[in-house]
Amino acid sequence: MLSIFDTIKDIAFKIEYAIQTEDLGYSSSENSSGEEQLKLDVKSDLIIEKAFSKTLSVKSIVSEEKEGILNLHKNGKYTVCYDPLDGSSLVDVNLSVGSIFGIYEGELKGENLVASAYIVYGPRVELVYVEKGIRPQLYGGNNQSFKRLGEICLNKKGNINASGGTQKNWEKDHKEFIDSLFKEGYRLRYSGGMVPDLHQILLKGGGLFSYPATSDRPNGKLRQLFEVIPFAFIYEQAGGEAINDKGKRLLELVPSHLHDTTPCFFGSKYEIDRLREAYGVTK
Ligand code: AFP
């Protein structure tokens, strides 16, 4: 596992350099979700593929940017599912973006996640890494190395409300719930980048990030294996909760297909309990 973490630290500085230097235009290709790929998406994906091709403990990798599974080392133990540059459409307006990694052992499903990590490319490069039994560990990057800054622990209740999706496509109950938090004094903090938006809630002590089912995306937008399950692990290990619109723990999801999405909610306990009440689901 250590070699995977060291590989992710190496990837961070290579993608940071690519963000600073690469052309921000579109490539001529699409990803497996039919979305146009930026040259940066393709470059970041290549950096990660090359890095894990040298990490013998990695049996295979699955990228949000590619259709299938890429087998690397037959004696490897882990499958790494990753989003190479989440929020990449924000780079051209100079907002923070990130890379997300889920490390699985065995079948690709929530309960087989053994570690997860994400990198934030912002004013500074930061990395969060978590394994079973520990709080998420925060590292700050500088001069091609990372220094541990501490661990992350969510308060029981926060005051940030990161409400995703197009509001005109929200279901009535969801809109009433989100509005009720704002009436309680929650502050809207939403950039459209999952990694910085979830990172902010983790570091500011709590709140709620929501990407619900919407009329245009009835199964939500965020991908289970590459985005949702890795962050669910981090939020639960930080003392928070992460559920779907049926009240199911996101770490209990079993995707039918590699690129399945899900409605998802991540937050402190108070906000997730309020969401359960609004959605009429029990713990
Ligand atoms: P892009 O990678 O296309 O920029 O999408 C980013 C993202 O997948 C995720 O990072 C955000 O949380 C979410 O989309 C924002 O979606 P909305 O703009 O629909 O709220």
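These numbers come from the heavy atoms of this one structure, side chains and all, not from hydrogens, waters or symmetry mates. All ligand and atom numbering here is 1-based and tracks the order in the structure.
Listed here is the closest heavy atom pair of His73 and Phe52: NE2-O, 3.4 Å.
Aromatic pair Phe226/His259: centroids less than 6.0 angstrom apart.
Ionic pairing of Asp179 and Lys183 is not present here: no N-O contact between side-chain nitrogen and carboxylate oxygen is shorter than 4.0 angstrom. Residues Asp197 and Arg189 are not paired through a salt bridge, judged by the lack of any N-O separation under 4.0 Å between the basic side chain and the carboxylate. We find that Lys66 and Glu49 are joined by a salt bridge, their nearest charged nitrogen and carboxylate oxygen being less than 4.0 Å apart.
Within 4.0 Å of ligand 1, counting heavy atoms only, the contacting residues are Asp86, Gly87, Ser88, Ser89, Gly165, Tyr190, Gly192, Gly193, Met194, Phe209, Tyr211, Lys221, Leu222.
Shown are Phe101, Tyr235, Phe233, Phe231; of these, the ring-ring contact (aromatic ring centres under 6.0 Å, His included) with Tyr118 is made only by Phe231.
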